[in-house]
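What follows is a short report on a single structure.
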Amino acid sequence: MKIAGLASNRGRNLLHIDDVTPGGAELSVVLSNREGAPVVESAAERGIATEVVVRGSEESRESHERRILDRLSSYDFDLVCLDGYMRVLTDEFLEDAPTTINVHPSLLPAFPGMDAHEQVLEAGVRTTGCTVHVVTEEVDAGPVLTQEPVPVYEDDDVDSLKQRVLYESEFAAYPRVVRWFAQDRVTVDREAGTVSIDGDTGGDFPTRRFVSEDRGDRLRYGENPHQDAALYVDDACEEATVVGAPQLNEGAKGMGYNNYNDADAALSLVKEFEEPAAAVIKHTNPAGCATSSTIADAYDRALRTDAKSAFGGIVALNRECDVETASAVTDSFKEVVIAPGYTDAALDVLTEKSNLRVLDVGPLGDREDRFHETLTEKPLVGGRLVQERDRQSPTPDDLEVVTEREPTETELETMCFAWRTIKHVKSNGIVFATGTETVGIGMGQVSRVDAVTLAAMKADKDAEGKSAAGAVMASDAFFPFPDGIEEAAEAGIEAVVQPGGSVNDEDVIEAANEHGMAMAFTGSRSFKHD
């Protein structure tokens, strides 16, 4: 795709298109109708051909446009892009030239003309943006190709609004349309005055996304004290969340960036279980997790996985917090406790700790309600990753036993518990578990066998009244070699659940058989990299 760019001033959109080359599009030539236009010098510095065709004082529009087309005729181009080109083009030009498009700094048909930003501020609207449209002889009225919104703030003036529309709106929308043309996805019907974009569809992963969230709070700082931070709120979220959850001990410090991050991880883990469940989180990783017949016992079992690491951690419960559980939580320093409600007696105990944030996230609902949001996101520099949420929750019937020894019913139950937990452990992740409680957790290792070693070490050194001997091991991805099984056998592991799918599966299964282990495959891995 080759482009002829027409501009009367700085041509920043054209230069941005040259920077990002959407769809591989390139500027063949930049033409201005004004001597000394900054865009001409800027384009020349980039090695882009330039032309200047000034309209004479007595010259007609048609004559001027013919001279422009003559000057452009020696260049190869498929699309004409206007950028602040301060001339109205005639139908004759538009018929002779390839498709011609322009960007206007408002959401047309609102606020056409030269002073769009002034009109926006005078009207008091709260959203503006830009429109990329096909050029017709009627000013700012051609068929719309795309639009990109931006907010209007109370303290905006013309200059601040102009900058936001340019950098956040025009710089997104104009390359998008050029990319569509480069991919041959645009059909323009000049006679009907319509355009259509092939593949411009919605669904879970639409071709375009608009994200609108309100700032809920300015935070004291980000991950570290030298980083500024804020919390933004999605008011459309229907799932129990730590964002906006009432903090019941008003005298305590407000939630910080790391508190929110860890609290979200903790709540997500206990949502996995229908039975009373408790989790202790440190740096978004579980230090321990358990289910039991009571929430107090679940917390005790979770804590005893690694009470040392639980110091300064986050506690999440999926049942109302009672006074017994509250008393146990406050036995050592915790940053945050999260639950779907508290008894009055529990609150009396918890609020005695001046720096313990007590969050009430409200009812969790059934499992579908707990995971109502179906997508997760991770912002990148220059973009955003969006994926389906990991909602897998295998039952014993879903597991494929691959070893000579069949797992016992208890081991199958533990495999399913451990798999729901491993989903929330940073990769490479390993969970040792007995019954429905963790024994040792190895997380965030670059080698899977090292994750096994770490889980065994934590079980041996830090678990209180627990042992890896006779436990089940869950691995969030397949074992590439038998060494992980050998390491687990040395620790006393008797059963393994893992995805399977390695080219060395047969060797891994053989190692399990040699140690009398039971092993089952889930058929699906559960990486967690964030």
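With contacts defined as side-chain heavy-atom distances shorter than 4.5 Å, the pair Val53/His64 qualifies. At a threshold of 4.5 Å between non-hydrogen side-chain atoms, the residues Ser106 and Gln119 do not count as touching. Proximity of Leu145 to Val134: side-chain heavy atoms (C-beta onward) are separated by under 4.5 Å at one or more points. Counting heavy atoms from C-beta on, the side chains of Leu69 and Ser73 never come closer than 4.5 Å. No side-chain heavy atom of Asp140 sits less than 4.5 Å from a side-chain heavy atom of Phe111. The shortest distance between side-chain heavy atoms of Leu161 and Arg164 falls below 4.5 Å.
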field: Verdict with supporting geometry, Val88 and Arg61, side chain to side chain contact (heavy atoms under 4.5 Å, CB included)
entry: CA-CA 9 Å; Val88 177; Arg61 290 169 57 196; 3.8 Å; yes
task: Check step by step if side chain to side chain contact (heavy atoms under 4.5 Å, CB included) holds for Gln498 and Arg525.
output: CA-CA 7 Å; Gln498 58 133 324; Arg525 75 183 187 199; over 6 Å; no
- request: Test side chain to side chain contact (heavy atoms under 4.5 Å, CB included) on Glu62 and Thr90 and set out the steps.
  value: CA-CA 7 Å; Glu62 291 77 10; Thr90 65; 4.2 Å; yes
query: Given the rule in the side chain to side chain contact (heavy atoms under 4.5 Å, CB included) test, do Leu231 and Arg218 qualify, once you have shown the distances and angles that lead to the verdict?
result: CA-CA 6 Å; Leu231 173 71; Arg218 291 291 294 266; over 6 Å; no
- request: Please lay out, stage by stage, how Asp476 and Ser526 fare under the test side-chain hydrogen bond (donor to acceptor under 3.5 Å, both in side chains).
  value: CA-CA 5 Å; Asp476 63 353; Ser526 193; over 6 Å; no
task: Report the C-alpha separation of Arg46 and Asp18 in whole Å, then their side-chain angles, then the decisive distance to 0.1 Å, and conclude whether the salt bridge (Lys or Arg N to Asp or Glu O under 4.0 Å) test is met.
output: CA-CA 9 Å; Arg46 294 166 176 249; Asp18 181 60; 2.8 Å; yes
task: Kindly determine whether Glu377 and Arg209 satisfy salt bridge (Lys or Arg N to Asp or Glu O under 4.0 Å), including the steps that lead there.
output: CA-CA 12 Å; Glu377 302 184 10; Arg209 299 178 70 243; 2.4 Å; yes
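The line from NE2 of His372 to OG1 of Thr241 is 13.5 Å long, rounded to the nearest 0.5 Å. With rounding to the nearest 0.5 angstrom, the OH atom of Tyr342 is 7.0 Å from the CG atom of Leu317. Taken from CG in Asp264 to OG1 in Thr284, the straight-line distance is 10.0 Å, to the nearest 0.5 Å. With rounding to the nearest 0.5 angstrom, the CZ atom of Phe77 is 11.5 Å from the CD1 atom of Ile3. For the atom pair Arg370 CZ and Lys271 NZ, the distance stands at 9.0 Å (nearest 0.5 Å). Summarising the geometry, atom CD1 belonging to Ile68 is positioned 9.0 Å from atom CZ belonging to Arg87; distances are rounded to the nearest 0.5 Å.
The closest donor-acceptor contact from the side chain of Arg215 to the backbone of Ala230 lies at 3.5 Å or more, if one exists at all. The main-chain N or O of Asp390 is never found under 3.5 Å from a side-chain atom of Gln392 such that the two would form a donor-acceptor pair. Looking at Asp262, its side chain never comes within 3.5 Å of a backbone N or O of Asn259 through a donor-acceptor pair. A donor-acceptor contact shorter than 3.5 Å links the side chain of Asn318 to the backbone of Phe273. In this structure, the side chain of Arg126 does not engage the main chain of Pro151 through any donor-acceptor pair within 3.5 Å. The backbone N or O of Val186 sits nowhere less than 3.5 Å from a side-chain atom of Asp198 that would complete a donor-acceptor pair. Between the side chain of Arg208 and the backbone N or O of Gly202 there is no donor-acceptor pair closer than 3.5 Å. At distances below 3.5 Å, at least one donor-acceptor pair connects side-chain atoms of Ser28 with backbone N or O atoms of Asp76. Distance alone, capped at 3.5 Å, is enough to place a donor-acceptor pair between the Arg34 side chain and the Ser8 backbone. Within the 3.5 Å criterion, the main-chain N or O of Gly444 finds no donor-acceptor partner in the side chain of Asn428.
With respect to Asp530 and Lys378, a salt bridge is recorded, a charged nitrogen being found less than 4.0 Å from a carboxylate O. A salt bridge does not link Glu373 with Arg389: none of the charged nitrogens is closer than 4.0 Å to a carboxylate oxygen.
Here the rule is side-chain contact (heavy atoms from CB on, under 4.5 Å) with Glu51, and of Val30, Val29, Asn33, Val40 only Val29 fits it. Across Thr146, Asn102, Val103, a single residue satisfies side-chain contact (heavy atoms from CB on, under 4.5 Å) together with His133, and that is Asn102.
Outside the 6.0 Å centre-distance limit, the rings of Phe521 and Phe478 are not counted as a close aromatic pair.
In terms of heavy-atom proximity, Asp83 sits nearest to Asn13 at OD2-N, 2.8 Å. Considering all non-hydrogen atoms of both residues, Ala116 and His104 come closest at CB-NE2, 3.9 Å.
Counting non-hydrogen atoms of other residues, nucleotides and ligands closer than 6.0 Å to CD of Glu122 gives a total of 12 or fewer. Taking a 6.0 Å sphere around CZ of Phe371, one finds it holds more than 12 heavy atoms contributed by other residues, nucleotides or ligands. Within a 6.0 Å sphere centred on CG of Asn224, other residues, nucleotides and ligands contribute more than 12 heavy atoms. Under a cut-off of 6.0 angstrom, the local environment of CD in Glu45 is crowded, with over 12 non-hydrogen atoms contributed by other residues, nucleotides or ligands. Sparse packing is recorded around NZ of Lys353, with 12 or fewer heavy atoms of other residues, nucleotides or ligands lying under 6.0 Å away.
Under the salt bridge (Lys or Arg N to Asp or Glu O under 4.0 Å) criterion, the residue pairs touching residues 170-190 are Glu148-Arg176, with sequence neighbours excluded.
Below 30°, between 30° and 60°, or above 60°: for Tyr167 and Phe171 the angle between ring planes is above 60°, a perpendicular geometry.
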